[in-house]
Amino acid sequence: MDYIKTNKASWDKRTGTHVTSKFYDVKGFLEGKCVLNSIELSELGDVSGKELLHLQCHFGLDTLSWARRGAVVTGVDLSSAAIAMANEIKAKAGLKATFICSDLYHYGAIANTAYDIVFTSYGVVCWLPCIKQWAEVVTKSLNPGGTFYMAEFHPVYDIAAGYSYFHNSQPDITAEGTYTENNSGEKSTFVTWTHPLSDVINALISAGIKIEQLNEYPYSPYNCFDGMEEREQGKFYISQAGHDIPLIYTIKGTKSA
Ligand SMILES: C[S@@+](CC[C@H](N)C(=O)[O-])C[C@H]1O[C@@H](n2cnc3c(N)ncnc32)[C@H](O)[C@@H]1O
């Protein structure tokens, strides 16, 4: 199966559903709402005046939220529908951003611009077969001394969802609807891989990122998995055998100068 073609079709289809969802709240964004979460806002900190590359930016709401906070932003995503929507929202919001439609690995092979910050978040590494190659794209895209930051769903959740914790070179092929509340139940097929925390960390270290911070959270800012319980506003938990499972991890690091 051509995973790029399959996943692009799935994300093109999801994008149409996502832009009209309460989950993404495009109307709220256009009225000025910041869609970034307290986790990345507090951990990444001030981005004003910084050149920021957002890998796997979907239809750009997070990217454009960083632009509102003063970053000079570029977003890359596989889905042409998502990138078209990102450009449309950018124009409506009167913001500046560059959006590039590309497979991440292809982008890494041809791009030669380096940024102050590389950012990626929430549902990204599972779409990529090779985590080492991903980490090399991250490093190549950073200026010496530049900051890498990611916030990602914790792979321990993969176990709860019936996937492997450890990486298999053979992908999981799933047919499912999407995660927004307006999901019609219509399924699309997609191809994913799990990447345990150690693989992600070791890939970044091998690619030349000095890791400064690794955090794990027992909640997700998104209500996107079955059985979540909102104990505090905007904090969704899942417990197993009476204990909270880790749902998010974040990594912050620097490219050696
Ligand atoms: C869950 S979304 C990212 C979430 C983002 N934080 C958001 O909700 O706005 C995953 C994104 O990865 C993109 N993607 C999947 N495979 C990719 C690839 N090989 N190269 C670049 N982008 C890819 C999809 O098109 C999708 O927009």
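Whatever order the structure lists them in is the order used to number ligands and atoms, beginning at 1.
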Close N or O approach (Gly123, ligand 1; < 3.5 Å) = no
CD (Gln213) and OG1 (Thr250) are apart, to the nearest 0.5 Å, by 5.5 Å
* Asked: Any Lys/Arg nitrogen of Lys27 or Glu31 sitting under 4.0 Å from an Asp/Glu carboxylate oxygen of the other?
  -> yes
Atom 14 (N) of ligand 1: closest protein heavy atom, distance to 0.1 Å, is Gln56 NE2, 3.7 Å
Between Ala160 and Gln240 the two heavy atoms that sit nearest each other are CB-NE2, 3.5 Å
Note to self: Does the Lys NZ or Arg CZ of Lys235 fall within the cation-pi geometry relative to Tyr219 - under 6.0 Å from the ring centre and within 45° of the axis?
What the structure shows: yes
Of all protein heavy atoms, the one nearest atom 2 (S) of ligand 1 is Trp11 CH2, 3.6 Å
Within 4.0 Å of some non-hydrogen atom of Tyr122, the atoms of ligand 1 are 1 (C), 3 (C), 4 (C), 6 (N)
request  = Tell me whether the centres of the aromatic rings in Tyr249 and Tyr217 are closer together than 6.0 Å.
outcome  = no
Note: Ala82, heavy atoms under 4.0 Å from ligand 1, region reported as neither
Going by the 4.0 angstrom heavy-atom rule, the piece of Tyr105 near ligand 1 is neither
Residue, atom and distance of the protein heavy atom nearest atom 19 (N) of ligand 1 read Asp103 OD1, 2.8 Å
Query raised in the report: Hey, does the Lys NZ or Arg CZ of Arg14 hover above the aromatic six-ring of Phe190, less than 6.0 Å from the centre and inside 45° of the axis?
Result: yes
Quick check: Trp127 and ligand 1, any N/O pair under 3.5 Å apart?
no
of all protein heavy atoms, closest to atom 20 (N) of ligand 1 is Leu104 N, 2.8 Å
Review point. Can you check whether Trp193 and Tyr3 have ring centres sitting under 6.0 Å from each other?
Key: yes
Near Ser121 (heavy-atom distance under 4.0 Å), the atoms of ligand 1 are 3 (C), 4 (C), 5 (C), 6 (N)
Could you check whether Phe225 and Tyr179 have their ring centres less than 6.0 Å apart?
no
Self-check item: Polar atom proximity, His58 to ligand 1 (N or O, under 3.5 Å)
Solution: yes
Glu176 and Ser188 side chains, donor-acceptor separation under 3.5 Å
no
shortest atom 23 (C) of ligand 1-to-protein heavy-atom contact is with Leu78 CB, 3.4 Å
Exercise. Looking only at N/O atoms, are Tyr24 and ligand 1 under 3.5 Å apart anywhere?
Worked result: yes
SG (Cys34) and CH2 (Trp66) are apart, to the nearest 0.5 Å, by 7.5 Å
Rounded to the nearest 0.5 angstrom, the OH-NE2 distance for Tyr165 and His195 is 12.0 Å
dist Thr98:OG1 -> Lys90:NZ (nearest 0.5 Å) comes out at 6.0 Å
Looking only at protein heavy atoms, what sits closest to atom 11 (C) of ligand 1 is Asp77 OD2, 3.6 Å
Ligand 1 to Ser79, heavy atom cutoff 4.0 Å, flagged ligand atoms 25 (O)
Under 4.0 Å from one or more heavy atoms of Asp62, ligand 1 contributes atoms 6 (N)
Note: ligand 1 atoms sitting under 4.0 Å from heavy atoms of Ser102 are 20 (N), 21 (C)
Note: Asn7, heavy atoms under 4.0 Å from ligand 1, region reported as neither
- Task: Scan side-chain atoms only and decide if Asn182 and Thr20 contain a donor-acceptor pair under the 3.5 Å cut-off.
- Result: yes
Counting heavy atoms under 4.0 Å, the part of Thr15 that contacts ligand 1 is neither
- Task: May I ask you to check whether Tyr3 has an N/O atom sitting below 3.5 Å from an N/O atom of ligand 1?
- Result: no
### Message
Quick check: Ile4 and ligand 1, any N/O pair under 3.5 Å apart?
### Response
no
